[in-house]
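The figures that follow rest on heavy atoms only: side chains count, while hydrogens, waters and symmetry mates do not.
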Amino acid sequence: LHGIANGSIRVAYGIKRNHAALHSEGNLVTGRSAVIADVDGASHYLLNAGDKLLVVDCSAPGIRVENLKNVDRTRSFAIASFDNTDCDVIAPGYSEVVNHSIAVGRLSIAAETFGAAEKMFEDARGYSLERYQFDRPIGSFQSIKHQLSDMISDLEPCRSLLWYAAYTYDAEPEEFELHSCLAKSLVSDVAKRVAKTSLEIHGGMGYTELLGLHLWFKRIETNRQLLGGPEATRSRAAEIQQFVIEEVS
């Protein structure tokens with residue numbers, strides 16, 4: 001933890017609930033990881049083998065890395081294979097620790113996604129005041145006003161949900177995983193709509209690399225799937241609340 005705090009250690013993460021393709025016995029790990037994010041420059045991997053949480057030194061022997069292509073070129077992704085590779089088991093057989101780690105990651109990703117969506121909204125609003133048609137800013141047109149108001153109306157509830165999910169981490173830890181799932185699922189859906197609308201308000205220029213909107217758009221799309229998309233996180237939320245869907249015969 002000290003090394004992470006001072007920057008001498010960089011950890012890439014590849015955690016997935018009930019991941020069964022990776023096996024550890026003692027301090028050795030074998031198998032294939034889930035998708036690992038932020039691989040470039042990483043000194044260690046944070047992984048899970050089922051309900052065990054592992055840390056693997058990237059320089060350890062027996063590791064083969066397969067780099068993956070992704071729409072978000074500002075980040076790096078890979079899948080790693082291990083053959084009796086040394087590891088540190090930091091949570092041996094505690095599924096709640098794995099679930100809690102995923103919940104923390106989901107909330108962090110949701111907060112980043114919200115920031116990206118808010119940035120795209122601010123850019124769209126600013127552009128609507130600078131871009132003129134018929135001798136008036138396009139932001140004065142009713143259709144643009146409606147789009148902007150819909151964007152901010154969708155974003156504000158996300159802000160409250162993120163703050164409350166973060167609050168439960170200390171104040172109501174038994175509810176933290178549930179609210180991290182709810183926050184990530186809602187923010188993922190809202191951010192996708194905001195990003196699409198922002199591009200449309202910018203017109204044809206919004207789809208080019210000139211304005212840099214594509215970077216935020218691609219980050220939002222990638223974050224949507226990291227540590228579970230909206231369907232997976234809502235399913236987990238239902239599981240936590242012990243919702244049961246009865247089949248109708």
Side-chain angles (χ1 to χ4, degrees), residues 1-113 116 177 180-181 184-185 188 215 217-233 235-236:
L1 292 178
H2 179 72
I4 294 173
N6 66 26
S8 61
I9 291 177
R10 289 189 58 185
V11 179
Y13 62 93
I15 307 176
K16 182 179 180 181
R17 288 191 72 236
N18 305 320
H19 185 55
L22 207 58
H23 310 277
S24 72
E25 188 168 341
N27 287 329
L28 298 176
V29 60
T30 300
R32 189 173 172 86
S33 73
V35 174
I36 305 174
D38 298 323
V39 174
D40 287 352
S43 58
H44 293 75
Y45 300 138
L46 178 65
L47 312 168
N48 73 297
D51 56 2
K52 296 180 182 178
L53 202 59
L54 317 173
V55 173
V56 181
D57 190 322
C58 295
S59 62
I63 302 176
R64 184 170 58 85
V65 177
E66 177 187 347
N67 292 315
L68 303 175
K69 289 185 177 180
N70 187 275
V71 294
D72 184 1
R73 298 299 175 87
T74 65
R75 305 175 76 176
S76 54
F77 298 86
I79 291 178
S81 299
F82 304 92
D83 184 10
N84 288 324
T85 304
D86 290 334
C87 67
D88 290 322
V89 181
I90 58 175
Y94 299 108
S95 59
E96 63 270 19
V97 176
V98 174
N99 291 338
H100 184 73
S101 301
I102 293 174
V104 172
R106 282 173 173 165
L107 181 58
S108 301
I109 291 170
E112 182 186 74
T113 302
E177 186 184 359
S180 71
C181 287
K184 187 173 189 297
S185 60
S188 296
L215 298 175
F217 181 85
K218 292 174 181 177
R219 176 59 63 95
I220 288 170
E221 284 296 313
T222 301
N223 283 356
R224 180 180 171 86
Q225 298 302 326
L226 281 178
L227 297 183
E231 296 81 7
T233 49
S235 176
R236 177 57 182 162

Exercise for review: Output, in order, the C-alpha distance, side-chain angles, deciding distance and verdict of side-chain hydrogen bond (donor to acceptor under 3.5 Å, both in side chains) for Asp38 and Ser76.
Suggested key: CA-CA 5 Å; Asp38 298 323; Ser76 54; 5.3 Å; no
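- Rounded to the nearest 0.5 angstrom, Phe82 CZ and Ser33 OG are separated by 5.5 Å.
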Check your understanding: Do Glu66 and Arg32 pass the salt bridge (Lys or Arg N to Asp or Glu O under 4.0 Å) test, and can you show the C-alpha distance, the side-chain angles, and the key distance before you say yes or no?
Key -> CA-CA 10 Å; Glu66 177 187 347; Arg32 189 173 172 86; 3.2 Å; yes
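- Other residues, nucleotides and ligands contribute at most 12 non-hydrogen atoms within 6.0 Å of the CD atom of Glu25.
- Side-chain contact annotation: Arg17 with Asn99, donor-acceptor N/O pair under 3.5 Å present.
- In this structure, the side chain of Arg10 does not engage the main chain of Gly7 through any donor-acceptor pair within 3.5 Å.
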Review point. Checking side-chain contact (heavy atoms from CB on, under 4.5 Å) for the pair Tyr13/Ile102: CA distance, chi angles, key distance, verdict?
Key: CA-CA 10 Å; Tyr13 62 93; Ile102 293 174; over 6 Å; no
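- Between the side chain of Lys52 and the backbone N or O of Ser24, at least one donor-acceptor pair lies under 3.5 Å.
- Nearest heavy atoms, Asp83 versus Thr30: C-OG1, 4.2 Å.
- For the residue pair Arg106/Asn223, the side-chain donor-acceptor check at 3.5 Å is not satisfied.
- Thr74 and Arg219 form a side-chain donor-acceptor contact under 3.5 Å, judged by distance and modelled atom types alone.
- None of Leu54, Leu22, Val98 except one satisfies the side chain to side chain contact (heavy atoms under 4.5 Å, CB included) rule with Asn48; the exception is Val98.
- Test Asp57, Leu47, Val29 against Cys87 for side chain to side chain contact (heavy atoms under 4.5 Å, CB included) and you get one pass: Val29.
- The side chain to side chain donor-acceptor pair (under 3.5 Å) test applied to Asn67 returns no partner, not counting sequence neighbours.
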Practice item. Please assess Leu28 against His23 for the test side-chain contact (heavy atoms from CB on, under 4.5 Å), listing each intermediate value before the final yes or no. Key: CA-CA 8 Å; Leu28 298 176; His23 310 277; over 6 Å; no
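- When Val56, Ile36, Val11 are each tested for a side chain to side chain contact (heavy atoms under 4.5 Å, CB included) with Leu46, only one passes: Val11.
- Atom CD of residue Gln225 and atom CG of residue Asn70 lie 10.0 Å apart, to the nearest 0.5 angstrom.
- Under a 3.5 Å cut-off, the side chain of Lys184 and the backbone N or O of Gly228 do form a donor-acceptor pair.
- Judged purely by atom type and a 3.5 angstrom limit, Thr113 has no side-chain atom pairing as donor or acceptor with the backbone of Ile220.
- A donor-acceptor pair is defined here as one N or O able to donate and one able to accept, closer than 3.5 Å; such a pair exists between the side chain of Thr233 and the backbone of Gly229.
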